[in-house]
Number of protein chains: 2
Amino acid sequence: MAATSPTPTPALTAERILEATEEVLRRHGPAKATVVDVARALGVSHGSVYRHFRTKAALREAVTKRWLDRTSEQLSGIAAGDGDPRARLRDWLRALFEAKRRKAGADPELFATYMVLADENGPAVTEHIADLTGQLAGIIRDGAERGVFAVPDPAVAARAVFQATGRFHDPGYAREWERPQAEADFGSLVELLLQGLRAR
Amino acid sequence: MAATSPTPTPALTAERILEATEEVLRRHGPAKATVVDVARALGVSHGSVYRHFRTKAALREAVTKRWLDRTSEQLSGIAAGDGDPRARLRDWLRALFEAKRRKAGADPELFATYMVLADENGPAVTEHIADLTGQLAGIIRDGAERGVFAVPDPAVAARAVFQATGRFHDPGYAREWERPQAEADFGSLVELLLQGLRAR
DNA sequence: CAGATGACAGATTTCAATATCTGTCATTCC
DNA sequence: GGAATGACAGATATTGAAATCTGTCATCTG
């Protein structure tokens with residue numbers, strides 16, 4: 001009746017630790033989750049976890065990075081498209097808004113972890129923002145080359161667009177995302193920004 | 001040697017209580033300031049304070065309202081001007097940014113009180129925002145009538161502009177206001193928005 | 001010998017007892 | 001009699017002792 005582990009001791013990898021950590025964070029939230037919990041979930045001592053991640057903060061950061069990267073990757077698909085840059089910009093901004101809203105609703109505890117990180121300006125968050133702003137700049141540059149947009153500097157414009165839409169992706173505003181008003185507000189803001197970029 | 005109070009007992013008015021409360025908040029901050037402190041500062045019992053303000057929250061709110069109204073009034077001067085609406089919009093947005101930044105720096109404790117109120121969606125904050133958005137709508141409507149701006153609905157555009165510039169007036173972003181980048185970011189965002197409003 | 005362990009010190013969190021505060025109101029004072 | 005008071009109950013905050021957690025490292029194990 002040996003219905004036990006087919007792999008007796010599946011080597012302890014960083015990846016396995018990240019999976020377990022994500023699960024623990026989902027269950028307990030960033031305030032309660034401990035490194036000991038993670039170790040227990042893996043059936044190892046907490047010392048072993050510290051062999052792969054120097055601090056608890058590094059572990060939190062790695063989990064959040066993985067989580068954020070999933071969003072970045074989805075969006076990069078839209079950014080890399082070759083349709084009308086205006087439509088692409090609209091779609092991309094909407095996808096960003098939807099993705100954040102969905103994560104906030106479906107994974108409140110991981111989202112709370114992300115908020116902690118955002119609050120303390122963790123490098124993972126800074127990189128995430130740089131990545132997204134880069135994607136935006138790509139769309140805008142493309143639009144400028146095609147003569148659809150007229151901007152002095154696509155990178156600067158991207159930064160402005162990203163900051164202008166902060167209310168619809170910055171985790172600090174998550175509470176507002178469920179209000180009915182949010183949809184209309186998002187729409188009119190995006191149209192205003194598109195007008196601002198438009199070549200005349 | 002009666003070197004005591006020239007006015008023996010200057011009647012306890014709501015105004016005097018508000019002044020004392022502002023002072024107490026400035027000194028102790030919203031977390032530590034108590035109604036008993038306010039009463040002590042006035043030389044009365046705390047029961048007397050409750051005769052003028054039904055709850056501590058109402059008192060906090062009244063103080064913050066007064067404080068916010070000072071900013072609104074300053075800005076209304078700019079909004080009511082009759083120069084080029086584009087310049088007026090620029091000036092108004094800059095004045096709002098400057099005012100918030102100055103208050104955050106010069107009066108950190110009162111600013112913290114404001115943040116508490118903003119977090120709990122106090123009516124005073126909602127009204128403050130409605131007032132500011134109204135001023136913005138006035139400038140934009142004026143611009144539209146003069147043919148400088150082209151917008152479907154000034155009130156909707158005002159809302160969009162206000163939300164787009166949130167990073168430069170929303171208290172949650174106060175930390176960012178001292179970064180050197182902030183100036184440039186503010187400038188490029190405002191220009192983008194002005195382009196977006198511009199008649200073509 | 002590479003990787004895992006668990007005892008350990010110092011930092012942080014929890015918990016319960018204590019103190020303070022909020023808001024009410026019967027009484028007191030001009 | 002209208003305003004002020006201060007005792008009071010329940011809610012909230014503070015405090016300090018105990019428990020838990022983080023991060024290190026000498027030791028162990030395969």
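Below, read A as the first sequence line, B as the second, and so on, with proteins coming before strands; counting in each chain starts at 1. The analysis underlying the following values was restricted to heavy atoms, covering all of them including side chains, and did not include hydrogens, waters or symmetry mates.
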Can you check the [X] [atom1] to [N] [atom2] distance for me, whole Å?
| X | N | atom1 | atom2 | value |
| --- | --- | --- | --- | --- |
| A:Arg16 | C:dG3 | CZ | P | 15 Å |
| A:Arg54 | D:dC25 | CZ | P | 13 Å |
| B:His52 | D:dA4 | NE2 | P | 6 Å |

Lys/Arg-Asp/Glu bridge criterion (N-O < 4.0 Å) met for B:Arg101, B:Glu98:
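Salt bridge: yes.
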
Measuring only between side-chain heavy atoms, which start at C-beta, is A:Leu59 closer than 4.5 Å to A:Leu18?
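A:Leu59 reaches A:Leu18 side chain to side chain.
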
For B:Asp170, what residues pass the salt bridge (Lys or Arg N to Asp or Glu O under 4.0 Å) criterion, not counting sequence neighbours?
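Scan of B:Asp170 (salt bridge (Lys or Arg N to Asp or Glu O under 4.0 Å), adjacent residues dropped) gives none.
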
Are [X] and [Y] linked by a side-chain donor-acceptor pair shorter than 3.5 Å?
| X | Y | result |
| --- | --- | --- |
| B:Glu22 | B:Trp67 | no |
| A:Lys100 | A:Tyr173 | no |
| A:Gln195 | B:Arg198 | no |

Might you work through the side-chain hydrogen bond (donor to acceptor under 3.5 Å, both in side chains) test for B:Asp69 and B:Ser72, ending with a clear yes or no?
CA-CA 5 Å; B:Asp69 284 351; B:Ser72 292; 4.7 Å; no

Protein proximity profile, nucleotides 11-19 of chain D - base contact B, sugar-phosphate-only contact S, no contact -, cut-off 4.0 Å on heavy atoms
---S-----

Run the salt bridge (Lys or Arg N to Asp or Glu O under 4.0 Å) test on B:Asp84 and B:Arg88 for me, step by step, so that the C-alpha distance in whole Å, both residues' side-chain angles and the decisive distance to 0.1 Å come before the verdict.
CA-CA 6 Å; B:Asp84 178 356; B:Arg88 221 176 329 143; over 6 Å; no

Can you list, in residue-number order, the parts of residues 34-51 of chain A that come under 4.0 Å of DNA chain D, counting heavy atoms only?
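Of all residues in residues 34-51 of chain A, the ones placing a heavy atom under 4.0 Å from DNA chain D are A:Thr34, A:Val35, A:Val36, A:His46, A:Tyr50.
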
